[in-house]
Amino acid sequence: MNYTEEIKRRRTFAIISHPDAGKTTLTEKFLLYGGAINLAGSVKGKATARHAVSDWMEIEKERGISVTSSVLQFEYDGYCINILDTPGHQDFSEDTYRTLMAADSAVMVIDASKGVEAQTRKLFKVCVMRRIPIFTFINKMDRDANDTFDLLDEIEKELGIDTCPMNWPIGSGKGFKGVFDRQERCVITYSDTEKGTKEGHARKVALSDEAALEEALGSAARDKLLEEVELLDEAGAEFDLEEVRAGMLTPVFFGSALTNFGVEIFLKHFLEMATTPLPRKADVGMIDPLSQDFSAFVFKIQANMNKAHRDRIAFMRICSGRYDANMEVRHVQGGKVMRLSQPQQIMADDRKILSEAYAGDIIGVFDPGIFSIGDTLCAPREKFCYEGIPTFAPEHFARVRQVDTMKRKQFVKGIEQIAQEGAIQIFQEFNTGMEEIIVGVVGVLQFDVLKYRLENEYNVEIRLENLPYEHIRWIENKDEVNVERLTGTSDMKKVKDRKGNPLLLFVNPWSIGMTLERNKGLKLAEFSRN
Ligand code: G4P
């Protein structure tokens, strides 16, 4: 296979969902179809996977959760699939957002009885910002589900994206009878396939075959289906691949990941509709993924994945060309031509040394402390920079002080380095010097990570004092407004980031609204590209 074909068969996506919607279960079933595992049940359950990463940060072991996100690569039907993990639960962090910068499309898993939930909403916003295609899998149809029309309505209203159901569920919970495939105009009957077997005992019945339909569904379910199909055909959004690819329309599938129903159909359709690796914006224009020249950008830096080696791994997404072992690349921001040392593919607890990788793939390389998030690597004779990765709004803030005042130097060095890796963000009071440091994080676990790392790597003990702020806004038109003179609510706080950009901290959304009202012309942003 030549390198163009290799790139074209790649599909790189992230799964976004709220914890417990079924992301892990769905991923396991994908792997099952891809033949990466034999029995779905034998994929490391979340509990065992957590222990398997035991030589990663100690804190992971202590808390039994994974602080890091990784990538899974597998083959299916001629495609080479990269699934980027977006950690949820307490380990939700800015990395979760950044991971989405490396994906070309997203699968959104929604629990049919819960609808759109908080974390999905947050991750969705990032997908919209990037205008990547989003494919929806409404899961757990084997349990009592919300009304189908209501679910679609909720997605449209809450997330502001049009929906196009590709199949339509017939009942739910104990009364779940299967789905109607709109394209093939047939009903696929539900069968609770045993965990681990690929083939279900599903039957296909044409919608036009009245007798068979009644026999398969019963007359009540059949009548309801015929009614809903008519409604849908008249009122539903038309399927339009261009709109899907522009992130304006999401194809919706219904199924049950646990009982393995509707998963393979979803995977097949998804792979057909999802894009090949997309061109990326650089300061010299768009870079074609099929270009012969290698290029990549760093989207995540993970420190101390292996305590014994105290290593730092920089994760990069290859955007064009092909990577070959030992080839030379230019690290643009560092101004150096270098060889990447032992690029690896990191899959949960497993590391595989790679000899080649293509646009669309994610590789992890040892970082001797030279890479920063957003850095570009390209062929030695090239010199361009990919558009930077935005800084996303933290939601938890704390004032941080070192316990031993004599250790100020180590403290500042440590906290700055950890901030540089992108694990935390640091802010200062707007008018004062470096004395007071405010730390902002996307997920509260990062506070523990910070405390742990400062103690273990820099020998500095710290004290964190939680602050009540939950919302931060960058001032988009900072050159047009006089920040000193801004009048906000009494609980608003002015701070600046490491680059001196002014920001505002708020306790609640109401204060944001009031501040905007009181300062006409003020423009606030939820993320920063500076
Ligand atoms: P997550 O990664 O999004 O957090 O969700 P995960 O797949 O771990 O699923 C959360 C729970 O929901 C699990 O149950 C899982 O078995 C269940 N689940 C996932 N898909 C379906 C589905 O289609 N139908 C039904 N009925 N349940 C589903 P658990 O009891 O919390 O965990 P476990 O003990 O089964 O691992």
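Whatever order the structure lists ligands and atoms in, that order sets their numbers, starting from 1. Starting from 1, each residue takes its place in the sequence as its number.
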Closer than 4.0 Å to some heavy atom of Ser256 - which atoms of ligand 1 meet that? 22 (C), 23 (O), 24 (N)
Main-chain N/O of Phe371 paired to Asp375 side chain as donor or acceptor, under 3.5 Å: no
Does Asp20 approach ligand 1 within less than 4.0 angstrom via side chain, backbone, both or neither, non-hydrogen atoms only? both
For Gln425 and Glu94: C-alpha separation, side-chain torsions, deciding distance, then whether side chain to side chain donor-acceptor pair (under 3.5 Å) applies. CA-CA 10 Å; Gln425 290 179 42; Glu94 213 180 334; 2.9 Å; yes
Phe315 ring centre to Lys300 NZ or CZ under 6.0 Å, with the angle to the axis within 45°? yes
What I want to know is whether Thr259 and ligand 1 share at least one N or O pair that is separated by under 3.5 angstrom. no
Those atoms of ligand 1 less than 4.0 Å from some heavy atom in Pro19: 4 (O)
If the test is salt bridge (Lys or Arg N to Asp or Glu O under 4.0 Å), which one of Arg10, Arg9, Arg11 qualifies with Glu75? Arg9
Checking the N or O distance criterion of under 3.5 Å, is ligand 1 in contact with Gly22? yes
Between Glu470 and Asn508, is there a side-chain donor-acceptor contact under 3.5 Å, judged purely by atom types and distance? no
Mode of Lys23 contact toward ligand 1 - side chain, backbone, both, neither (heavy atoms, under 4.0 Å): both
May I ask you to check whether Ala257 has an N/O atom sitting below 3.5 Å from an N/O atom of ligand 1? yes
For Glu272 and Tyr79, does a side-chain donor sit closer than 3.5 Å to a side-chain acceptor? no
Proximal atoms of ligand 1 relative to Thr25 (non-hydrogen, under 4.0 Å): 6 (P), 7 (O), 9 (O), 15 (C), 19 (C)
Verify whether one side chain among Ser17 and Gln119 offers a donor that lies under 3.5 Å from an acceptor in the other. no
Under 4.0 Å, heavy-atom basis, I'd like to know which part of Leu258 is in contact with ligand 1: side chain, backbone, both or neither. both
